[in-house]
Amino acid sequence: MPELAEVEFFRRRWNPGLGQRIVAVAVHSRARVFRGAPTSAIVSALRGQTLLSSSAAAKHLLFRFSGDTWLGIHLDMSGELLVRPADHRPGKHDHVVLRTTTHALVSADPRMFGRVDLHRGTEPPPWWTALAPPLLSPEFTATAVAEFRRRRARAPLKAVLLLQERFPGVGNWMADEILWRAALHPRRLAGSLTPAEVRTLWRECCRVARLALATIAGRTEADTPPDLNVRIPDTWLFNHRWRDGGRCPRTGCPLVREEIGGRTTCWSPARQKLT
DNA sequence: GTGCTTGTTGGCCA
DNA sequence: GTGGCCAACAAGCA
């Protein structure tokens, strides 16, 4: 589920642990999420350390602890971070539980496509520094989008927007939202865009990232993912994309769903033309 | 039981 | 070498 803004939302969920000492660590030792780091190393590295800060970038989370210890979490499709009372008993899908004296910081992931990584050192791990510049950074320019489009000229726009090396944090629904706002058909080949269309695409990438962060990342702790749709205005494609018989909020015409680039894609034929 | 699922990766192929 | 496409990963839900 989590894309850019949802990842940021989950990052904030662990804020009650900031500045707190981890008094105990519980892990689900056989879970697939630990394929990047042995659970014994995670337990011994984090126990007794203090959570100093956290960051979210693209679909990744990085938590910095004292003792030059870092915990990376990728939530992938079904991961979620939670805060529970200190005496929380781990459920079936709670793979990491970091206990402070007041809270339990929980990382859960039913499908286990996500991963948990441990890093030791004064600097953040290499995979973190190698992430593409965020959509809202000065490095994410219309020129960079134009250059990338030239390299991926023969791929449909939908598939191109999902490439994290240029559009970090963009997932399925964000890609559809961006193309819908830019009035570009998801099947258009990236190489076919005019310079003006490239600029529009870039602008809508930034706009959707900003809107998503403002709307989703700032939700309160009481909000849970099933309530997500409630908070999102009906003027977005988001609220209509999965509903059978959904209609385009701008034209009122029926929406279409089809697989493009290997992913279910929703668009408004009245607004997004192929030619 | 069947058929879906908002992500990523590696292997295959053009 | 580059880039597009697909299956696989695993569990829950309708």
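Every chain is numbered from 1 and lettered A, B, ... according to where its sequence line falls, protein lines coming before strand lines. Owing to the predicted nature of the structure, the values given are computational and were not obtained by experimental measurement.
- Judged by the 6.0 Å and 45° rule, A:R181 forms a cation-pi pair with A:W236.
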- Derivation and outcome, side-chain hydrogen bond (donor to acceptor under 3.5 Å, both in side chains), residues A:D117 and A:H74: CA-CA 9 Å; A:D117 286 295; A:H74 192 292; over 6 Å; no
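- Following rounding to the nearest Å, A:N239 (CG) and B:dT6 (C1') show an atom-to-atom distance of 14 Å.
- No side-chain donor from either of A:D68 and A:H119 sits under 3.5 Å from a side-chain acceptor of the other.
- In secondary-structure terms, DNA chain C builds stems of at least 3 consecutive Watson-Crick or G-U pairs, each pair having both distances under 3.5 Å, at B:2-5 with C:11-14, B:7-14 with C:2-9.
- Within the nucleic acid shown, A:G171 comes within 4.0 Å of sugar-phosphate atoms alone, with no base atom in reach, counting heavy atoms only.
- Listed in residue order, the members of residues 151-164 of chain A having a heavy atom less than 4.0 Å from DNA chain C are A:R151, A:R152, A:R154, A:A155, A:P156.
- A donor-acceptor contact under 3.5 angstrom links the side chains of A:T69 and A:R120, judged on distance only.
- Nearest heavy-atom pair, A:A57 versus A:L131, reported as atom, atom and distance to 0.1 Å: CB-CD1, 3.9 Å.
- For the pair A:R257 CZ and B:dG3 C1', the computed distance is 14 Å after rounding to whole Å.
- Aromatic ring centroids of A:W128 and A:H60 lie 6.0 Å or more apart.
- Residue A:R35 contributes atom CZ, which lies 13 Å from atom C1' of B:dG10 at whole-angstrom precision.
- If you take CD of A:E6 and C1' of B:dT5, they are 14 Å apart, rounded to a whole angstrom.
- Proximity of a side-chain donor or acceptor of A:R13 to a complementary backbone N or O of A:L81 within less than 3.5 Å is detected.
- Surrounding CZ of A:R199 are at most 12 heavy atoms belonging to other residues, nucleotides or ligands under 6.0 Å away.
- Between the side chain of A:N172 and the backbone N or O of A:T264, at least one donor-acceptor pair lies under 3.5 Å.
- As rounded to whole Å, 13 Å separates atom P of B:dT8 from atom CZ of A:R111.
- If you look at A:W14 and A:F63, their ring centroids are closer than 6.0 Å.
- First and last contacting nucleotides of DNA chain C toward chain A (any atom under 4.0 angstrom from a heavy atom, 5' to 3' order): C:dG3 to C:dG12.
- A cation-pi geometry, defined here as NZ or CZ lying under 6.0 Å from the six-membered ring centre and within 45° of its normal, holds between A:R271 and A:W180.
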